[in-house]
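In what follows, chains are A, B, ... by sequence order, proteins preceding strands, each numbered from 1. As the structure is a computational prediction, the values presented were derived from the model and not from experiment.
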Number of protein chains: 2
Amino acid sequence: MPATIRDVARASGVHISTVSRTFSAPHLVNPETRVRVLACAEDLGYRPNRAARALITGRTHNIGLIVADIANPFFPPLIKAAEGQARHRDYHVFVADTNEDVAAEEDLVHALAKQVDGVLLCSPRMSNSLIEQVSREVPVVVINRQVAGLPCVMMDVGQGARSAIEHLLGLGHRRIALLGGPRGSWTAREMRRAASAAARAGGAELSLLGPNQPTETGGGALADQVRRSGVTAVLAYNDLMAIGLIEGLDALGLRVPQDVSVVGVDDIALSRLTRPKLTTVATPTAAAGRTAVDMLLQLDSDAPRGARGRGAAAGDRRTTAQVMLQTVLVVRDSTGPVPVPGRDCTGA
Amino acid sequence: MPATIRDVARASGVHISTVSRTFSAPHLVNPETRVRVLACAEDLGYRPNRAARALITGRTHNIGLIVADIANPFFPPLIKAAEGQARHRDYHVFVADTNEDVAAEEDLVHALAKQVDGVLLCSPRMSNSLIEQVSREVPVVVINRQVAGLPCVMMDVGQGARSAIEHLLGLGHRRIALLGGPRGSWTAREMRRAASAAARAGGAELSLLGPNQPTETGGGALADQVRRSGVTAVLAYNDLMAIGLIEGLDALGLRVPQDVSVVGVDDIALSRLTRPKLTTVATPTAAAGRTAVDMLLQLDSDAPRGARGRGAAAGDRRTTAQVMLQTVLVVRDSTGPVPVPGRDCTGA
DNA sequence: CGCGGTTATGCAAAGGTTTGCAGCCGAAGA
DNA sequence: TCTTCGGCTGCAAACCTTTGCATAACCGCG
């Protein structure tokens, strides 16, 4: 039923190659011919068969996007942005979800590898060496992680964590806890490093709690630990954990920010809606999505088209740009001055 | 670089057609041969080229999933379920997001249509006639909407709305508001119909507020209207709106459930985390995703493979199953008995 | 009038796989 | 011994498009 290039050629009285060129290299065909062909194509409802095209060009015009968990509100904005940017460049995006599971992540990326032109690895939990191995199979851009030799787009959570700690120091807090993220997360490591440094510089004590599941549940589960640790402020791996923690603290009768200050990371939409509104480190997720798509597309427009021939795979990626996007601390209502010690916090 | 079927054939000393059959029709090849071929394939890292296969079979092994807004927590579980089910059947899912925009929805479905074997239309805002037109281009399964002649999987929000209203009636409420959903939403219509009927049957008055954006913002914006309307209970189109409304009411000094009872729909993860915990109609989103994928795959395994020949497109869909999935009311803390009139609600 | 140079088009190979058909071989039946 | 049949494999066409190369028409210039 669907019209092929041949039908269009017949209808417009030209050779199929002319039809092909009308679409893929319009400047090579006589304007007059072009309009005629275009008209016939339109008329017949012709759309080039992507599979056939892929077969010969070696380009599927699809890209894969692998995230840890679609249900985590951190990802959707990034996904949307990536999708939009890709569509803009006539690409489509496969989104896949690993459920925070390293093994699933590995499977998925292999399954995807063969039918996309490149893969965006967003907040991967895999080891660097695994990532490098994958990148030998298929062009990869890594989001939220630094991997030597691979193009990366990162959000400067180090800077963000530092700002957060400094904000807390400024409010007088000297005993601070960091709720760590999941094992294998680069972001979690960066935060830890930056937060430790900032705390040390400010003469504060930083207790590390983790690793944890980066969810509300994960945050809530730590409430008791936080209380017992006696800290007056907490920096959480992400907003979800921060929110969970606030719930958990509330259940224990501790109020935020009067008794404990809490800072999140990500600035998900939800963080504006909880009570208290969350102080958090805003990460430029949409920008990251767009940038990553651009880098990926750049990457394989550079690659020699018939790159099937040996070589070229691992070697020539000298354009391994690494982009660091800025974060910014958004102060809302979940942080406040350190409680005066000795004064009763629980009551009127 | 990637090994082709020919490489495997050479390595294992058989004809390419045998290799092909080893993968696509194993029972046709001698077990002995099969293991040898498989071994060679494994060895060379051979993976059938999906584009080439698609070219000849006419099946891409991709399906499209179009949703209104990935960022709405209602969708991710459905997406995950669909994706999992699809992967299970060796299909991949393109997720696309229309931003609640009818025009974008139409564009997207057309763009997708040509490169997938079928499309899942989830909570479409398009008109029925548009949907039918699309379904002439590509197999379609509709989620959360009833379209005559098309396979649909619906969640019984009518029943859900009825339960919710009856729950409120049971608590003594007689003046209830329904926060309507977005224009074009089938779910919104169903809810309205069922809620009206149930209210009438219970001798209650139901005010309709809407249509609205199905987001927290949309819900929050209605707080003032709700207060002025003097109702004692509200059924919201979804949890997001319910949560937004509760925030908004709070800002106006109205407490939930003491002053106003609020019921949501969807039972998103978040509804368990807000304070008060939300009473809501749980919808089986994951089941819907799985079912829809199965129906779609069923649909085009029925279709004659070389269905390029005319006919077959619109006609033979006599298996247009329509599945209705049950919903269930989950009573939590956002609903309570109707406030005693005349008693001061605002104070100690 | 012929020549070099554009410009527009046609030709045909190639890309990796599936699949109907035909052929081979050995075994069972006559 | 000769068919027949079934199981397995090979052959080659077909799927639709892109693209390097060849061809043809045309222009302007000498």
S.K.: Just to verify, what does H15(B) make a ring pair (Phe, Tyr, Trp, His ring centres under 6.0 Å) with, not counting sequence neighbours?
M.R.: none

S.K.: Using a cut-off of less than 4.0 Å, is there contact between a side-chain N or O of T4(A) and OP1 or OP2 of dC16(D)?
M.R.: no

S.K.: What is the distance, rounded to the nearest whole Å, between atom CD1 of I16(B) and atom C1' of dA13(D)?
M.R.: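 These atoms are roughly 11 Å apart.
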
S.K.: In whole Å, I'd like the distance from the CD atom of Q115(A) to the C1' atom of dT17(C).
M.R.: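 Answer to the nearest Å: 15 Å.
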
S.K.: Tell me the interatomic distance from R59(B), atom CZ, to dC15(D), atom P, rounded to whole angstroms.
M.R.: 17 Å

S.K.: Calculate the interatomic distance between F23(B) atom CZ and dT17(C) atom P; express it in whole Å.
M.R.: 9 Å

S.K.: Between C1' on dA8(C) and CD on E32(A), what's the gap in Å once rounded to a whole number?
M.R.: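 After rounding, the gap between these two atoms is 12 Å.
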
S.K.: Among all residues two or more places apart in sequence or in another chain, which pass the side-chain hydrogen bond (donor to acceptor under 3.5 Å, both in side chains) test with N99(A)?
M.R.: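 K80(B).
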
S.K.: Expressed as a whole number of angstroms, how long is the span from I56(B):CD1 to dA13(D):P?
M.R.: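 Atom-to-atom, I56(B) to dA13(D), this comes out as 13 Å.
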
S.K.: Is any side-chain heavy atom of F94(A) less than 4.5 Å from a side-chain heavy atom of L65(A)?
M.R.: no

S.K.: Please report the distance, rounded to the nearest Å, between CZ in R6(B) and P in dG16(C).
M.R.: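 In whole Å, dG16(C) P lies 7 Å from R6(B) CZ.
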
S.K.: How would you list all residue pairs meeting salt bridge (Lys or Arg N to Asp or Glu O under 4.0 Å) that involve residues 28-40 of chain B, not counting sequence neighbours?
M.R.: none

S.K.: From C-beta outward on L55(A), which listed nucleotide comes closest to its side chain: dT17(D), dG15(C), dT17(C)?
M.R.: dG15(C)

S.K.: Taking only residues at least two apart or on different chains, which pairs with a member in residues 116-128 of chain A satisfy salt bridge (Lys or Arg N to Asp or Glu O under 4.0 Å)?
M.R.: E100(A)-R125(A)

S.K.: Tell me, please, which residues at least two apart from R50(B) pass salt bridge (Lys or Arg N to Asp or Glu O under 4.0 Å).
M.R.: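 Expected list: D90(B).
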
S.K.: Measure CZ/R50(B) against C1'/dG15(C) and give the value in whole Å, please.
M.R.: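 Checked: the CZ to C1' distance equals 18 Å.
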
S.K.: Considering only nitrogen or oxygen atoms on both sides, find all protein atoms under 3.5 Å from nucleotides 6-9 of chain D and state each distance.
M.R.:
residue: dT9(D); atom: OP1; partner: T33(B); partner atom: OG1; Å: 2.4
residue: dT9(D); atom: OP2; partner: N30(B); partner atom: N; Å: 2.9

